[in-house]
Amino acid sequence: MKVFKLKKADIIVIAVVLVCAAVSFLCINLFAQGGNIARVEVDGKTVAELRLDTDTTYEIKQNGKVTNVLEIKDGCADMTSADCPDKICVNHRAISKSGESIICLPNKVIVTIYSGDDSEVDGVAG
């Protein structure tokens, strides 16, 4: 049986990789901008844009039937109810940062957070 031994160089490489990962994680979480609008899309079409600074409950309807319920509370958007079988969207944590989303694939519902003052650039900027 062969025993694997770590050398000093191996330990240094592992430490550097862990430090880089930790710094990247912190930068992403500390510098992520908070959004102020939740865009609700059903089957690729925007059906609502809800401000995160106003607590509300929004029922997402398809064919006259409520399929999902989105709750805006304390600056976060949270899917509190869905009639889909897997409930992945309901078990997803609440979102509040620009670019985050909650997706319900069976119902084709996407909730995305964005900042209303974002300036999106189309094409090539130069």
Side-chain angles (χ1 to χ4, degrees):
M1 183 159 52
K2 197 173 191 180
V3 177
F4 179 72
K5 285 191 169 185
L6 288 177
K7 297 177 183 161
K8 186 176 181 180
D10 295 333
I11 294 173
I12 292 171
V13 168
I14 291 170
V16 167
V17 168
L18 288 175
V19 168
C20 288
V23 168
S24 297
F25 179 77
L26 287 174
C27 287
I28 289 171
N29 285 317
L30 291 177
F31 298 115
Q33 294 181 346
N36 58 1
I37 296 176
R39 176 183 295 138
V40 181
E41 296 178 41
V42 177
D43 202 14
K45 297 179 181 100
T46 300
V47 295
E49 291 188 346
L50 307 167
R51 297 198 50 84
L52 293 180
D53 58 2
T54 305
D55 292 354
T56 186
T57 300
Y58 181 75
E59 294 181 341
I60 301 166
K61 297 180 182 180
Q62 295 182 53
N63 300 323
K65 176 183 162 195
V66 175
T67 58
N68 298 70
V69 177
L70 178 70
E71 182 178 28
I72 307 293
K73 186 176 181 182
D74 300 327
C76 295
D78 189 23
M79 193 76 69
T80 58
S81 174
D83 67 355
C84 58
D86 54 13
K87 307 276 191 256
I88 292 174
C89 58
V90 175
N91 295 324
H92 193 284
R93 65 177 179 77
I95 58 175
S96 63
K97 295 181 181 172
S98 189
E100 291 182 318
S101 60
I102 298 175
I103 300 170
C104 181
L105 283 178
N107 293 331
K108 300 179 184 175
V109 174
I110 300 173
V111 178
T112 306
I113 303 298
Y114 75 98
S115 179
D117 53 341
D118 280 350
S119 58
E120 295 183 25
V121 179
D122 295 300
V124 178

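Using a distance-only test at 3.5 Å, with no hydrogens or angles considered, no donor-acceptor pair links the side chain of Gln62 to the main chain of Thr67.
With rounding to the nearest 0.5 angstrom, the SG atom of Cys104 is 12.0 Å from the NE2 atom of His92. Rounded to the nearest 0.5 Å, atoms OG1 (Thr112) and CD1 (Ile37) are 12.5 Å apart. Interatomic distance, NZ of Lys61 versus CG of Asn107, reported as 14.5 Å (0.5 Å rounding).
Cluster membership for Val42 and Val111, using ILVMFWY side-chain heavy atoms within less than 4.5 angstrom, is shared. Taken together through direct or relayed side-chain contacts under 4.5 Å among Ile, Leu, Val, Met, Phe, Trp and Tyr, Val109 and Tyr58 form part of one hydrophobic cluster.
Partners of Ile11 under the side-chain contact (heavy atoms from CB on, under 4.5 Å) rule, at least two apart in sequence or in another chain, are Leu6. For Asp74, the side-chain contact (heavy atoms from CB on, under 4.5 Å) partners two or more places apart in sequence, or in a different chain, are Asp55. Not counting sequence neighbours, Lys8 has no partner by the side-chain hydrogen bond (donor to acceptor under 3.5 Å, both in side chains) test.
Taking every heavy atom of both residues into account, Asp83 and Val66 meet most closely at OD2-O, 4.2 Å. Scanning all heavy atoms of the two residues, the minimum distance from Ser115 to Ser98 falls at N-OG, 3.7 Å. Ile113 and Ser96 get closest at one heavy-atom pair: CG2-O, 3.6 Å. Taking each heavy atom of Thr57 and Glu71 in turn, the nearest pair found is OG1-CG, 4.2 Å. Of all the heavy atoms in Ile102 and Ala77, the pair that sits closest is CD1-O, 3.8 Å.
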Throw together a table of side-chain donor-acceptor distances under 3.5 angstrom for residues 84-91, partners on residues two or more places apart or in other chains.
residue	atom	partner	partner atom	Å
Lys87	NZ	Ala82	O	2.6
Lys87	NZ	Cys84	O	2.9
Asn91	ND2	Lys87	O	3.1

For residues 45-53, which side-chain donor-acceptor pairs fall under 3.5 Å, sequence neighbours excluded?
residue	atom	partner	partner atom	Å
Glu49	OE1	Tyr114	OH	3.0
Glu49	OE2	Arg39	NE	3.3
Glu49	OE2	Tyr114	OH	3.1
Arg51	NE	Asp53	OD1	3.3
Arg51	NH2	Asp53	OD2	3.2

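Legend: salt bridge (charged side-chain N to carboxylate O under 4.0 Å, His left out) pairs involving residues 100-115, not counting sequence neighbours, sorted by first then second residue: Arg93-Glu100.
Taking 4.5 Å as the limit, some side-chain heavy atom of Met79 sits within range of a side-chain heavy atom of Asn68.
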